[in-house]
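Here the structure is laid out as structure tokens; the discussion comes afterwards.
Here is how names work: the chains are called A, B, and so on, in the same order as the sequence lines, proteins then strands, and each is numbered from 1.
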Protein chains: 2
Amino acid sequence: MRSNDESTPEPRATPARAIPARAEATAVAGMPGVRVTAAMVAARAGVSTATVSLVANGKTEGRVSAENIARVTAAIEELGYVVDGIGSSLARGGSNLVILAAPDVANPFFAKVIGGVRAALGSDYQLLLAVSDAGQLPTPEEVRALMSLRPAGLLVDAPDAAFLDRLHSTAPVVLLDAPGVEHYAPSVNLDVGHGARELAKHLAALGHVRVAYLDSTGGTATFRVRREAFLAQAAASGMEVPDGAFASTPIDVGAAAAAFAGAWPAWQRSGITAVVCCTDTHAYGVLQEARVAGVAIPGRLAVAGFDDLPYSATSSPALTSVHLPAAALGEQAGRALKELMRGRVLAEPQRTLASTLIERASTTGQAGNL
Amino acid sequence: MRSNDESTPEPRATPARAIPARAEATAVAGMPGVRVTAAMVAARAGVSTATVSLVANGKTEGRVSAENIARVTAAIEELGYVVDGIGSSLARGGSNLVILAAPDVANPFFAKVIGGVRAALGSDYQLLLAVSDAGQLPTPEEVRALMSLRPAGLLVDAPDAAFLDRLHSTAPVVLLDAPGVEHYAPSVNLDVGHGARELAKHLAALGHVRVAYLDSTGGTATFRVRREAFLAQAAASGMEVPDGAFASTPIDVGAAAAAFAGAWPAWQRSGITAVVCCTDTHAYGVLQEARVAGVAIPGRLAVAGFDDLPYSATSSPALTSVHLPAAALGEQAGRALKELMRGRVLAEPQRTLASTLIERASTTGQAGNL
DNA sequence: CTGAAAGCGCTTACAG
DNA sequence: CTGAAAGCGCTTACAG
């Protein structure tokens with residue numbers, strides 16, 4: 001669980017008699033340096049560590065004299081003192097860390113989510129990402145280890161029930177994009193079903209009757225929602241997704257391209273005129289392979305995706321896609337967590353953000369547009 | 001610096017007389033639960049906390065009787081005890097956290113770097129990503145706050161001198177992709193210059209004489225290296241990059257496409273037959289706009305990039321690109337840091353990984369390939 | 001306004 | 001093999 005041969009030379013605190021100014025300035029990057037403690041600051045300022053703590057944390061109002069504030073401030077500055085997070089966390093009973101666990105950090109969509117979280121959290125909390133291998137949430141063991149840091153709060157993106165069952169958090173938790181498991185904790189969800197239905201209506205209105213669906217292999221619950229909502233509305237709108245018109249691949253352009261290449265001859269024979277992809281990434285693969293095969297988009301085949309990634313606005317043809325409000329997702333989750341961390345009760349513990357269909361040339365363009 | 005109104009209700013440790021089994025199992029996600037301490041385990045097992053610590057950390061050899069190991073193990077299991085990272089870190093003088101600071105987390109390239117780091121670090125250390133806004137390293141203030149967590153080590157990707165000057169780390173540091181600042185700390189670099197020169201030779205061998213260069217606006221030091229190495233070899237190989245044949249945009253497909261659209265008429269007039277892009281992302285923009293404008297790739301214009309992103313292998317045409325060993329970069333940096341954290345001295349503190357040119361259809365394909 | 005002291009949860013010499 | 005005790009660096013009642 002933790003390193004058994006932690007032979008790192010631990011810097012022993014130097015005796016407080018002669019405190020050199022800028023002790024930390026002697027630390028060379030990569031070399032252990034001298035750690036400046038509150039006791040050293042106290043010695044230099046001629047006060048107690050209690051006073052140092054008060055000043056360092058800005059809790060001086062009506063508690064520390066102007067004289068002492070000045071002395072301590074000067075000593076802090078001279079020694080380069082930074083409050084130790086470990087000692088502080090232990091004394092306070094918790095840290096100011098917020099941990100964000102997500103299966104898919106390296107994703108342009110997720111970058112926006114992170115931006116939103118940061119904006120909401122502000123500088124009171126330290127945001128750290130728990131990373132694991134691509135497409136995987138951290139294991140429960142990893143999360144246990146993280147919980148032992150006593151984070152002030154936890155944000156979990158796209159969790160499944162198994163993960164949440166094994167997560168016994170003592171800190172407030174907010175879930176992001178957690179369809180089907182909202183009851184575990186306050187959550188912010190995406191109404192991706194709405195966009196999926198809009199997409200089905202859009203295709204039906206364009207006269208499509210037989211459509212294919214390119215799904216994700218494995219993946220999180222959102223893909224089930226996307227598929228089911230689309231299929232339900234497709235049926236309601238009089239469209240058919242024939243049995244042979246399903247395929248699934250990992251979220252990877254090449255894999256999607258290959259799957260499309262393999263499936264297209266049969267799809268073509270069965271009269272498919274549109275393919276809906278569960279992510280824009282899948283759709284890029286279809287666009288690419290269609291170009292190679294000389295399939296006119298959208299003239300011969302309409303293509304659409306989900307996520308509205310940056311590239312989709314400028315791809316050729318531009319890709320019709322269900323837009324998801326990533327920044328708002330992060331921002332509202334961050335906001336909710338902040339409330340919980342302050343001990344407040346959420347007025348609205350379950351939130352859902354709308355998705356919207358962005359219609360572009362891959363479904364609406366001139367026929368024959370390559 | 002830290003929250004001033006941390007009004008979170010702090011769970012007081014319950015008196016150790018009646019310890020219910022599975023205390024933590026009563027914790028509902030999002031609700032503060034009971035924290036199980038070593039003292040509770042000790043009480044239940046009828047031993048001292050010292051013994052609990054020994055057992056929990058697997059340091060029992062020749063120090064704890066089989067009898068007591070069994071009792072403590074059972075109590076740990078029954079109560080769901082997890083060693084508290086805060087208390088442990090304070091006692092040990094440091095945490096087992098490794099913090100990775102990077103400007104560009106949401107990048108497929110970087111996902112591989114992270115994978116490499118994780119593989120090298122193993123389970124002895126907790127890897128956490130310090131995130132900031134897109135394209136930015138965390139500020140020195142943010143890093144200070146992180147340092148106060150007493151990480152066991154620090155990994156910094158693509159730092160500049162200003163960042164390192166203000167980073168007074170007391171923990172071992174390893175730099176990744178840090179051309180020009182290697183002297184600050186042990187580092188693992190990418191010899192991107194080699195790939196850039198290979199690319200210049202490749203284009204020259206294909207008969208190109210006048211080429212354009214699409215650079216990144218701002219960005220990290222690697223872009224300077226890419227440009228300079230390419231230009232030097234281009235000149236040496238008898239190619240010319242005319243004054244008007246430079247452009248730069250952010251790392252964004254749409255921006256690159258727009259820049260190319262604006263520049264192409266003049267480039268065409270001046271006899272440009274190839275454009276080198278400082279990232280594959282820029283190159284995607286060029287490919288896309290070229291398609292719209294009916295510019296045959298590579299017949300009329302050869303296109304190449306750097307990074308060899310996943311999409312480049314399957315784009316249409318597939319993109320010639322300078323491949324960078326992302327996973328190896330992370331892996332070697334992680335390995336080096338692990339050595340340092342164990343108190344060892346690096347045999348080879350400066351390492352450089354080779355880059356290779358991957359030739360694909362965007363430069364070598366049949367002329368007229370759209 | 002101030003400081004001595006207790007306590008946060010753990011680890012590690014130390015004495016037995 | 002075992003436990004009492006000191007100590008990690010801080011914060012916070014508490015008494016003055």
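Residues V143(B) and F163(B) have side chains in contact (heavy-atom distance under 4.5 Å, counting atoms from C-beta outward). Looking only at side-chain heavy atoms (C-beta outward), L128(B) and L146(B) stay at 4.5 Å or farther from each other. A heavy-atom distance below 4.5 Å is not found between the side chains of N68(B) and V55(B). Looking only at side-chain heavy atoms (C-beta outward), R71(A) and T51(A) stay at 4.5 Å or farther from each other. Annotation: side chain of M147(A) is not in contact with side chain of V82(B) (no heavy-atom distance under 4.5 Å). Annotation: side chain of V173(B) is not in contact with side chain of L164(B) (no heavy-atom distance under 4.5 Å). The shortest distance between side-chain heavy atoms of L97(B) and L149(A) falls below 4.5 Å.
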Taking Watson-Crick and G-U wobble contacts under 3.5 angstrom, with | marking pairs to another strand and [ ] crossing pairs, the secondary structure of DNA chain C is written |||.||||||||.|||
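Here dT11(C) presents its P atom at 13 Å from CD1 of I86(B), a figure rounded to the nearest Å. If you take CG of L79(A) and P of dG9(D), they are 15 Å apart, rounded to a whole angstrom. Computed from coordinates, the R92(A) CZ to dT12(D) C1' distance equals 10 Å when rounded to whole Å. Going from atom CG of D84(A) over to atom C1' of dC8(C) covers 13 Å, rounded to whole Å. Between L90(B) atom CG and dC10(C) atom C1' there is a gap of 8 Å when expressed in whole angstrom units. Atom CZ in R150(A) sits roughly 15 Å away from atom P in dT11(D) (whole-Å rounding). Regarding K59(A), its NZ atom lies at a distance of 8 Å from the C1' atom of dT12(D), rounded to whole Å. Distance N57(A) CG to dC10(D) C1': 9 Å, rounded to the nearest Å.
Tested against S187(B), the residues Q350(B), E182(B), Q332(B) include a single side chain to side chain donor-acceptor pair (under 3.5 Å) partner, Q350(B).
One finds the CG atom of L176(B) at 7.0 Å from the CZ atom of F110(B) (value rounded to the nearest 0.5 Å). Here T37(A) contributes atom OG1 and Y81(A) contributes atom OH; the two are 7.0 Å apart, rounded to the nearest 0.5 Å.
Contact detail for P103(B) and A158(B): the closest heavy-atom pair is CG-CB, 4.1 Å.
In this structure, the nucleotide among dG9(D), dC10(D), dT11(C) sitting nearest to the side chain of A38(A) is dC10(D). Distance from the side chain of S53(B) is smallest to dT11(C) among dG9(D), dT11(C), dG9(C). Comparing dC10(C), dG9(D), dG9(C) against the side chain of T37(A) picks out dG9(D) as the nearest. In this structure, the nucleotide among dT12(C), dC10(C), dC10(D) sitting nearest to the side chain of A91(B) is dC10(C).
Salt-bridge annotation for R335(B) and E339(B): absent, with no side-chain N of the basic residue lying under 4.0 Å from a carboxylate O of the acidic one.
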Using a cutoff of under 3.5 Å, can you pull out all pairs of nitrogen or oxygen atoms linking the protein to nucleotides 14-16 of chain D, with atom names and distances?
none

Check nucleotides 2-6 of chain D for protein N or O atoms closer than 3.5 Å to its own N or O atoms and list the pairs.
{"residue": "dT2(D)", "atom": "OP1", "partner": "S65(B)", "partner atom": "OG", "Å": "2.8"}
{"residue": "dT2(D)", "atom": "OP1", "partner": "N68(B)", "partner atom": "ND2", "Å": "2.7"}
{"residue": "dT2(D)", "atom": "OP2", "partner": "S65(B)", "partner atom": "N", "Å": "2.7"}
{"residue": "dT2(D)", "atom": "OP2", "partner": "S65(B)", "partner atom": "OG", "Å": "3.2"}
{"residue": "dT2(D)", "atom": "OP2", "partner": "N68(B)", "partner atom": "ND2", "Å": "3.2"}
{"residue": "dG3(D)", "atom": "OP2", "partner": "S48(B)", "partner atom": "N", "Å": "3.2"}
{"residue": "dG3(D)", "atom": "OP2", "partner": "S48(B)", "partner atom": "OG", "Å": "3.4"}
{"residue": "dG3(D)", "atom": "OP2", "partner": "T51(B)", "partner atom": "OG1", "Å": "3.1"}

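Neither OP1 nor OP2 of dC10(C) sits under 4.0 Å from any side-chain N or O of S88(B).
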